[in-house]
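Here the structure comes first, spelled out in structure tokens, and everything after it is commentary.
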Amino acid sequence: MTCTRDLFHAYILVGPVEETKREAINIAKIANCLQRNGEFCDNCKNCKKITKGVFADLREVKPEGSSVKIENIREIIFDSYLTPVEGRKKIYIVYDADKMTLEAQNSFLKTLEEPPSESIFLLLSQNIKNLIPTVVSRCRVIEKVKPYEKYDISEEWAEKLIYLVKERSFTLEKIDIYNQICAYEDKETLLEFILTLYRDILVAKTNSKVRLFNENYRNLIINLSDLYSIGEIIGIIDRINKTIEYIKSRGNENLGFFNLLLALWR
């Protein structure tokens, strides 16, 4: 159960548009439900208005053409410091937030760092790597899609891959593990597991309340999050995804994995 007082001032909702929009509307209702029971009733005046899209304190921002421009963001920043009209919180939903121009994202930073107390910003995104790290660091990340449930590897292999991630210097043991990877039939599964680790490191780095996928490695993940910047983590996740795509397209699996490992060891 989510209490109103537990709501954060800004969220990045990652996933398909319909899923993230539904989550954004639910947050808007939790923040403004007249029942104040920690969730939302869907029956009070505020909940019904939010459902119909006629709630005075809910504003939506969508791309104009191919981007969300700085003028759009400046408008909601100005509006966010005004007193709510009929609710407790003003809600701002930014669709395709990853399409904000660099200028728009930079203009958002001070407000995200020192937010008005009566406003909540909800950034909907399908491609978080296009958001600058400083924006990501000032928000809580909520995933509305589960792309990390494919792998099924032994504990022995999990420990080997964790060693590759946590040991950032070059060692002979890493070469030995790489040689074992070359002989492993399902390399995509190994990559999926590494992807879950860096996804969890990003969750820890951004202090998100999303559950860790690898909860049994919580302490390790939290320690690793101190070693990377948000930009580095997002870059690594992108590199892993590209390596998976490369392998799926029948590329040289061993070469793809080796190039990825070199990138992780730098």
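Just so it is clear, the model here is predicted, and its values are computed rather than measured. We're numbering straight along the sequence, starting at 1.
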Side-chain donor/acceptor of [X] to backbone N/O of [Y], under 3.5 Å:
X: Asn223; Y: Asn219; value: yes
X: Lys99; Y: Pro63; value: no
X: Ser107; Y: Ala104; value: yes
X: Asn72; Y: Val68; value: no
X: Glu86; Y: Ala56; value: yes
X: Lys160; Y: Ile177; value: no
X: Lys187; Y: Tyr184; value: yes
X: Glu232; Y: Ser229; value: yes
X: Arg138; Y: Ala10; value: no

Classify the ring geometry of Phe193 against Tyr217: parallel below 30°, tilted from 30° to 60°, perpendicular beyond 60°.
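Ring orientation of Phe193 relative to Tyr217: perpendicular.
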List the steps and the verdict of side-chain contact (heavy atoms from CB on, under 4.5 Å) for Asn106 and Ile132.
CA-CA 9 Å; Asn106 283 325; Ile132 59 177; 3.5 Å; yes
Answer yes or no: is there a side-chain heavy-atom contact under 4.5 Å between [X] and [Y]?
X: Leu122; Y: Val94; value: no
X: Lys166; Y: Leu224; value: yes
X: Tyr178; Y: Glu173; value: no
X: Ile162; Y: Leu197; value: yes
X: Glu188; Y: Ile244; value: yes
X: Arg140; Y: Thr206; value: no
X: His9; Y: Ile120; value: no
X: Thr243; Y: Asn259; value: no

Would you kindly confirm whether [X] and [Y] end up in one hydrophobic cluster when ILVMFWY residues are joined by side chain heavy atoms under 4.5 Å apart?
X: Ile222; Y: Ile237; value: no
X: Ile70; Y: Leu131; value: no
X: Ile50; Y: Val17; value: no
X: Ile93; Y: Leu82; value: no
X: Met100; Y: Leu109; value: yes

Taking all heavy atoms of [X] and all of [Y], pick out the closest pair and write down the distance.
X: Ser125; Y: Asp98; result: OG-OD2, 2.8 Å
X: Ile230; Y: Ser137; result: CD1-CB, 3.0 Å
X: Thr20; Y: Gly15; result: CG2-N, 3.6 Å
X: Cys33; Y: Cys41; result: SG-N, 3.3 Å
X: Ile240; Y: Leu191; result: CG2-O, 3.9 Å
X: Thr111; Y: Pro116; result: CG2-CD, 3.9 Å

May I have the step-by-step check of side chain to side chain donor-acceptor pair (under 3.5 Å) for Asp176 and Gln180, ending in yes or no?
CA-CA 6 Å; Asp176 180 56; Gln180 293 177 52; 3.0 Å; yes
Once rounded to the nearest 0.5 Å, what's the spacing between atom [atom1] of [X] and atom [atom2] of [Y]?
X: Leu124; Y: Leu13; atom1: CG; atom2: CG; result: 5.0 Å
X: Leu34; Y: Cys47; atom1: CG; atom2: SG; result: 7.0 Å
X: Leu123; Y: Ile128; atom1: CG; atom2: CD1; result: 9.5 Å
X: Ile91; Y: Asp57; atom1: CD1; atom2: CG; result: 8.5 Å
X: Lys174; Y: Asn179; atom1: NZ; atom2: CG; result: 14.5 Å
X: Lys205; Y: Ile234; atom1: NZ; atom2: CD1; result: 11.5 Å

Just to verify, which of Tyr11, Phe8, Tyr92 counts as forming a ring pair (Phe, Tyr, Trp, His ring centres under 6.0 Å) with Phe121?
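Checked Tyr11, Phe8, Tyr92 against Phe121; only one passes ring pair (Phe, Tyr, Trp, His ring centres under 6.0 Å): Tyr92.
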Will you find, in the side chains of Asn214 and Asp200, an N or O donor that is under 3.5 Å from an N or O acceptor?
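Distance-only check passes for Asn214 and Asp200.
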Salt bridge check, Arg22 against Glu19: does any charged N sit closer than 4.0 Å to a carboxylate O?
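Salt bridge: yes.
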If you apply the rule side-chain contact (heavy atoms from CB on, under 4.5 Å), what do you find for Val203 with Phe213, and how did you get there?
CA-CA 10 Å; Val203 168; Phe213 196 85; over 6 Å; no
For atom CD of Glu215, decide whether the heavy atoms of other residues, nucleotides or ligands shown that lie under 6.0 angstrom number more than 12.
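Correct, the count exceeds 12.
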Is it the case that over 12 heavy atoms from other parts of the model lie below 6.0 angstrom from the CD atom of Glu159?
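More than 12 within 6.0 Å, yes.
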Would you check, one step at a time, whether the test side chain to side chain donor-acceptor pair (under 3.5 Å) holds for Lys29 with Thr51?
CA-CA 9 Å; Lys29 290 177 180 178; Thr51 297; 2.8 Å; yes
Full working for salt bridge (charged side-chain N to carboxylate O under 4.0 Å, His left out) between Lys89 and Glu118
CA-CA 5 Å; Lys89 295 283 187 179; Glu118 297 176 324; over 6 Å; no
Under 6.0 Å from the six-membered ring centre of Tyr95 and within 45° of its axis: does the NZ or CZ of Lys62 meet both?
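Positive - Lys62 is close enough to the ring of Tyr95 and near enough to its axis.
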Identified side-chain contact (heavy atoms from CB on, under 4.5 Å) counterpart of Leu202 within the set Ile233, Ile221, Val141
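Only one of Ile233, Ile221, Val141 forms a side-chain contact (heavy atoms from CB on, under 4.5 Å) with Leu202, namely Ile233.
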